[in-house]
There are 2 protein chains.
Amino acid sequence: MRSKSSPDSIPEAPRRAADRIRDTAFDLFYREGIRAVGVEEIVSQAGVTKPSLYRAFESKDELIAAYLRDYDQRFCERFEAPGADHPDDPKAHLLAYVDRLSRRASRDGYRGCGLTNAVIEYPDHDHPAHQVAVESKQNLRERLREMCRAMGARDPDELADGLLLLIEGSYVSGQTFGDGGPARMLGVMARRLIDASM
Amino acid sequence: MRSKSSPDSIPEAPRRAADRIRDTAFDLFYREGIRAVGVEEIVSQAGVTKPSLYRAFESKDELIAAYLRDYDQRFCERFEAPGADHPDDPKAHLLAYVDRLSRRASRDGYRGCGLTNAVIEYPDHDHPAHQVAVESKQNLRERLREMCRAMGARDPDELADGLLLLIEGSYVSGQTFGDGGPARMLGVMARRLIDASM
DNA sequence: CAGAGTACGTACCGATCGGTAACATTGTCA
DNA sequence: TGACAATGTTACCGATCGGTACGTACTCTG
């Protein structure tokens, strides 16, 4: 059940330096923001040293890009996961994701979507962070269109964009309002939009 | 028509250092992000020097807070402006704002809402930037509720939150997708939500 | 015209930023 | 035992960060 070749049951921590850096950077970048976190803080909290970081990543920007690719992967898993409970029912799949997001985003301490946050922190289109994040969002838009098509919407692209607005709105409003924020209405609003678009 | 006591018609630039700093900081903070802009860049682009900045503002954080208060004021003006064309018609007022936002947010180079961006750049609830931005957003939420009440919605608070999700979603999606992004659907989605809530 | 404020600039501070060079240490596998 | 890869250690780099001590020029008032 546990990883490879550990002699016996050491539960945490001794993994490769590159992995620990990646995990620590993920947490810090997500929680505190990318620009707010220096490489010094990352390596010290990861229990490694700076040269180890620069042996694994050629620059901070590359580490940021790696973080965002990791984030995108975890996001896709979280987005697709509810599909297992609703095979061949894209509407139920989407609503299941939306309902889970609604709950997460209307609790205190919610930090939104790491990819959305990255676009805002790095408005420069040439920056790798911006590029990775935007590409992920374009994939999400396409995926939503696909689902809206599959659920037989009148104008699937239009509905997909409406849902995307609600979802992105939940990411950011969750951070702004915390507990009891507008994100708690995401589920009913998504249903209302879907119902009005069939 | 022009300001006070200029000897004659000098059209631009010689104003007080504090004002030039405030204006320059506004543009730079908004376009490039707050953390991305150093005080050095602000003063040099404003054509003044650092001590002038620190005579007018006691710290960078205070300048940031001033920027966000300015932003909030301009936002309120932009939000209320369409009301002049639609006295006693909150629905038309709201839709007029929404339609203008929709156009702005689906053009290339759009940078979203400075207040929303600030919440994301400063997740720490104790930071003045976070506090000013959140307070402004709470005011907006209350204003939307008021308008939804006035337009006779079934559940005004619920509708207000739905509209807020769409609006915030447009702010961030505008930055992510640029031209032809989902924000161009804001108008039709807002109408659909309103119609389904009466 | 003297003198006091006011408004601003010159030059600098220590701290931190991202990033690196050189070398010592460890664990692994042959 | 020896070679190799991975990591740690230490000390450092130039640039930039936010912030300030201090001198100077203008203007308003007596």
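To find a chain, count down the sequence lines: A is the first, B the second, and so on, and within it residues start at 1.
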Worksheet item: Apart from V172(B) itself, what residues make up its hydrophobic cluster when side-chain heavy atoms of I, L, V, M, F, W and Y under 4.5 Å apart count as a link, directly or indirectly?
Response: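 I120(A), V172(A), I120(B), all in the cluster of V172(B).
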
Worksheet item: Excluding sequence neighbours, so at least two apart, what forms ring pair (Phe, Tyr, Trp, His ring centres under 6.0 Å) with Y54(B)?
Response: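 With sequence neighbours excluded, Y54(B) shows a ring pair (Phe, Tyr, Trp, His ring centres under 6.0 Å) to no residue whatsoever.
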
Discussion item. Any base atoms under 4.0 Å from S52(A), or only sugar-phosphate, or nothing? Heavy atoms, all strands.
Written reply: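 It contacts sugar-phosphate atoms only.
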
Worksheet entry | d(CD, E62(A); P, dT20(C)) in whole Å |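 The distance from CD of E62(A) to P of dT20(C) comes to 13 Å, rounded to the nearest Å.
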
Fill in: Protein-nucleotide distance (R20(B), atom CZ; dA7(C), atom P), rounded to Å
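Computing the R20(B):CZ to dA7(C):P distance gives 16 Å.
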
Item to complete: Is it possible for you to check whether R143(A) lies under 6.0 Å from the centre of the six-membered ring of F79(A), through NZ or CZ, and within 45° of that ring's axis?
Response: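 Negative - R143(A) is either too far from the ring of F79(A) or too far off its axis.
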
Discussion item. Salt bridge (Lys or Arg N to Asp or Glu O under 4.0 Å) for E142(A) and R149(A)? Distances and angles first, verdict last.
Written reply: CA-CA 11 Å; E142(A) 190 45 56; R149(A) 246 177 275 132; 3.2 Å; yes

Worksheet item: Along nucleotides 11-28 of chain D, 5' to 3', which nucleotides get a B, which get an S, and which get a -, given that the test is a protein heavy-atom distance under 4.0 Å?
Response: ------SBBBB-------

Worksheet entry | Check ion pair R69(B)-E62(B) (N to O, under 4.0 angstrom) |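 Salt bridge: yes.
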
